[in-house]
Amino acid sequence: MTTTKHLKSKICLVGEKAVGKTSLIRRYVLNMFDDHYITTIGTKVSKKEVRVFDPEKDLVVDVDMTIWDIMGEKGFRELLKDAYFYGANGILAVADLTRRRTLDDLDDWIDGVEQVVGKVPIFIAVNKTDLSTEAQFSELDVQQVAKAFECGYVITSAKTGGSVEEAFRRLADVVAKAQLQRA
Amino acid sequence: MNPRTRMQSLALVVLLVLGAGGILGGSTSAAPVVVPGPSATRTLVWSFDAPDDLFLENATLNDGMATLPWAAAGFAWARGPDFLTNGSADATVEAVEEGLVLAADERAYVESGGFDVPAPWTYENGTAGAVTASWNPTDRVARLAHDSPEVPTSPFDALDDAVSTWRGVSEVDLSVVVSNYSWQPIEGTGMMQAEIRLGSSPAFSIGPERKPTASPVDWSGFDTLLVWIRSPAAPDLEVSFNVTAFAGPAFVATTPIPLRPEWQRVLVDLDELGPARTALTQVTLLFTGRNTPEDVLTFYVDDLRLANAKRVDETARLSQVFGKTKWTTAAPGGATLGFDYRVLNASGADAVELSATLSDGGAWMAWALPSAPSSGTRFEREVGAFVAAPGTYSVFFDLHVAVATPSAVNVTALLDNVSLEIPDRRNGSFVSSTIDLGSLVSLASVAWEASLPPGTSARLEVRMGSTPVPDDGWVLAVGTTPGPLVVADSARFVRVRADLNTTNASVTPLLTTFRIEAERHPDRGAILTSTVSADADFLFWRRFEAVASTPEGTGVAYEIEDATGWRMATPGGNLSAVQGRTVRLRATLSTSDPLEAPAIDEVRVVYDYLGTPIRLRVWADGDLRAPVGGAIQFHATVLDAGNHTSPAWVVYWATDNPGGHVNVTGYFVAGEPGVWNVTASTPFLSERLRVTVTAVPFDVARLIVNPLVIAMAVLVGTGYLAYRYAGRRLFSVEDVFLVARDGRLILHNTRRMRADRDEDILAAMLTAISAFVRDISKEEDGHLRRFDFAGKTVLVERGKDVFVAAMYRGRVPRWSAKGLRAFLTDLESAHGAALATWTGSPEDLAGLKELTDRFVAHTKYRRMRNRAS
C-alpha cells in the first residue's frame, strides 16, 4: 500500500549575477514576494510543493520546497553565506549558456554552500538555451562540471519554460531521497 | 593539481572516449522531426531524407524512402579460362589469357630443325673440301667450318748476328743504328735492334738495309716473308712496316702493314715486289711512323722466314627443301623463319661470310649474319608474304671462307633450332553450360567485346529465361558486332554460344569479354533509428503510424524498443503499453520477389505530454442548494488541451457567501441565505458555480415584538461594543511560528480560521531578515527581537536550534517577551533533541501542536508543571 509522507526542504539557488535564477523561479512558482527583497536583504524565498514518488518503497513524498534565491553578488555570498546557506538540503546551481565564466564560477558557489552545510544534493541548470546561437560552451563542458560534482544537469530556458519544471522536479527527487535516508 | 580539477580532467577524458565510441549517442541531428499535435500531443516523424541517426542494414534511402537496395548480380568472363570454366569449346578454339581465339595449329614446315637427327638436311662441303658442312651428333647441331694449320716455312735470316748483314742508312736529321740484341730472342741466340734517331723530325721512314756486301736476295720461290717485329709503344704513335728493294734498277715495295706496340708476326706479300725476285738488292726493312713523342725509337726484329701461303676461297652449305600445299596469309604473322646460330671462332681467314637464305627456287630472301665470334643468338624474320603461295621452298645456310696465308686458320659456325612456323587456324565454337544467376534478376545490360582483324568474324548468341530448361519463354539475342545485345528485362538462366570464324588461316578473332550486368533486391533488410527521448513533460505513448508501399510479395514489420525490450508495432496501432519516454524503432523490410521492394515513406510515433492547464472543470455532489448551515461537496479538476491533469496543479476554493466557507477540499458550508458563488481557481484559471442558500423559515413579525428578543438584541449590542473596546485595549497572540535555524517552518499555529499568507515563505523570509539584521550588526551582537507592521507586533525569541516568532494584535505588554522566552524554554525542554536532528518531516515532532496551543489560546503563557528549572 502506498505510504504518504510530508517533508520540508530548503533549496538554495546559486549562481552568478544575471544567469536567470529569479526568472527560473518566476517561471516555476507563483511568487508571493516582490523581487526587490533580493536587492534589499540579498535573498528572496519562494515555495513550491512537489510530489515525488519512490517506487522502491512505494512511498509518495509531498515536499514543501522553500527556494532561497540568493543574490549573485560575491560580496553578499561572503557576508551572508552562513545565514542563508545554513541547513540547505539541496543546491540548484545556475549558469548562463552565453557566458562561459558563469559555468566556471559554479565551483565557488557550490564550495560556498558546502563549506556551510557539507555535502548536499546538487543539480545544475544551464539557463538561456533560447540563446543557443550565442553559446560560449557546449554540453560536453557541462557534463564535465556535473561529473566533477557527481550531479545531474539540465539545459533550461526561463524565457520559453523549457525544462524548468524538470530541473526543480529532479532536484526535489534527489533532495527528498537524501532527507529520507538521513531520517 | 586540485582534486576537483583532476576529476574534471578525468571526466573530460572519459567523455571524449565515450563520445568517440558513440556510447553517449543522443545525436543532435534533425531526425526525427518533432511535430506539435492537437490535444497536448507531439509526433516524432522519421522521413528518411538523410541517413543521419539511422542504422541501415541491407537497406538504403532513395528519394526520401527507405527501401531494399539493388545488389549487383551479374558476371563477367574477361579471360579465356573464364569461358572454358563455364562451358566447352571445339578443339579449334583455344583459351588464352586475353580471351578465346582460334588455335594456331602450327606445323613444322622445316623438319628436324633441332638436328636430333641429321636428315633430311643436306650437308655440302666447299668445292675443295676446305670449308665443310656437317652434323655434330654430340651437341646435335649443324656445323659449318674451315680449319687449316700453318704451312711449313724456310729460314731466311735468324738475325742472331744482325750487324754482319744489316746496316743503318741515314737521312738528314735521322739515323738508324743497327746492333745485335740477345735478351729473350724469338728464335736462336739473338736478334736485331734498330734504333731510329729522329732528331727534330716528328716523322720517319727509314730502317735497316742489307749491306751492299751481302749477296742479292732470290725470293722467287716464295710468295710470303714472315718476320717477328716488336714495335715501341708511345701515345699517338702510328707505325707501319713494309719491305723495299731494287729489282735491277727498279725500286719495288710492298704495301705498309700497321704495327701494334708489341711482338707480332708480320706477313709480307712478296708478290707485291713483282715477279722478278731472283736478285733483289738493297732489301730494306722499312719502318714508317708519325706522331713520335721521343727522339729515339727502338725496334726489335727476329727470325726472317720465307713461305708459300695456302689459298682457300669456297663455300659450304646446309640446306633443306620442303613443300607447302595451301595458300597462307601474306599478312604479318603469316609465317616466321627462325634459327639459333653461333660463331665459335673466325681467326686467320681473310674473309668469312655466314648467311641464311629462303628460296622458292627462283626468288629468294637472304640475310647476312655477323661472322665475328659470338655466343648463341636467335634469329627470327617475318616471311609470311614470301611463303604465302603453295610451292616448293628451300632454306639454306652458307659459310664462305677466303684464305691466302701460311698461318693457321680456324672458322666454325653452329646452327640449331631452325623453324618455319605458318599458323593454320580453323573455325570453331564455344558453348556455355546453363548459367544460373541464383534468382530472377533485373538485366541492365548484356554485352560482349571482341577483336576482329580483317578476314575474321564472330557471332554471339545469348539465350535467357526463367526456367532451367529452355522453353517458349526463353529469349534469344544474336550479335555479330561486339557491343550490347538486346535481351529480356529479367532472367535467371543464361546460355551463351560464340562462333569464331576466319578466312585467313594465320589470323584469328579474339573474343575478350562476355558480361552481364544485373541487379536484384536482397530478401531482407532493416532500418534502425537511434534512441530518442520524448521531452520531460512526456506522459505516455499514444499511437504508431507508418506510410509505406508494399508491392505484392513484399512486406515491412515494425518494432519499437522501450525499457523492457522490443515489441511489435502496427501502423495505426496503440502504443500505450510502451514503457518509459525513451524508445527507438526498427523496420524490417522483406521481399520474396528479387525484383520488387517495399518502401517506407514516413514513420511517426505520437505521444501525449502534460501541457499548460487550459480548463478548470468544477462540479458538485448533488444539488447546488443547501439550507443555512448545510453543506455541499464540490470537486474541481484542472485539465490541459489533452484532458490530462496533474496532482501538482492545486485548486484554491473561495466563496462570497457571508458566514459560509469552503475548505481546501471543496467542502462548502452554507452561511447566509441567498444565491452565492463558490469559486475554484488556479493561478490562471477560475470557475464558479452558483449555489443557493435557503433560510430556515421563521415568523419575523413575532420575533420583533417579542420582549425577550429585544432584550437579547440590546445585550448583544452592548456586548459587541464592549468587545470592540476591549479589543482596542487588550492584545492577543494571533500566530506563532516555530522556525528551524535554517529557515524551514517547523510549526505554525494561529487563532484565525485560515492563514492568509504562506507561512513557509513567511518563516523563511523572517529567518532571512533576521539573519540579515544580525549580520549587518555583528559588531553590536544584535538580533532582531521585535518589529511592528500593519498594526501588528512580532516578537522573536531565539533558541539553540529554533526560534519562535509570535505575532500579536493589540498593544503588547513588556511581559509578553518573557512569556515567549518561557514558551521557548519549555519547548526546548520537551523537544530539544528532536529539534536538533529534525530532517524536515512534520511527523517527527508530534506533540508540538498541543504545546503551541497553550500559547496561542491564551494572552499570557502558563508554563508547564514539569518545566525545566
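Throughout, protein chains are lettered first and strands after them, A, B, ... in sequence-line order, and every chain is numbered starting at 1.
- Interface residue Ala648(B): only side-chain heavy atoms are found under 4.5 Å from chain A.
- Heavy-atom distances place no part of Asp62(A) under 4.5 Å from chain B, backbone and side chain included.
- With a 4.5 angstrom heavy-atom cutoff, Ser163(A) does not touch chain B via any of its atoms.
- Contacts between Arg744(B) and chain A at a heavy-atom distance below 4.5 Å involve the side chain alone, from C-beta outward.
- Close placement of the Tyr607(B) and Phe538(B) rings is indicated, their centers lying within 6.0 Å of each other.
- Ion pair Lys128(A)/Asp96(A) flagged as a salt bridge, since at least one NZ, NE, NH1 or NH2 atom sits closer than 4.0 Å to an Asp/Glu carboxylate oxygen.
- Salt bridge status for Arg169(A) with Asp173(A): absent, with no side-chain N to carboxylate O gap under 4.0 Å.
- The residues Glu49(A) and Lys47(A) are annotated as salt-bridged, a charged nitrogen and a carboxylate oxygen being separated by less than 4.0 angstrom.
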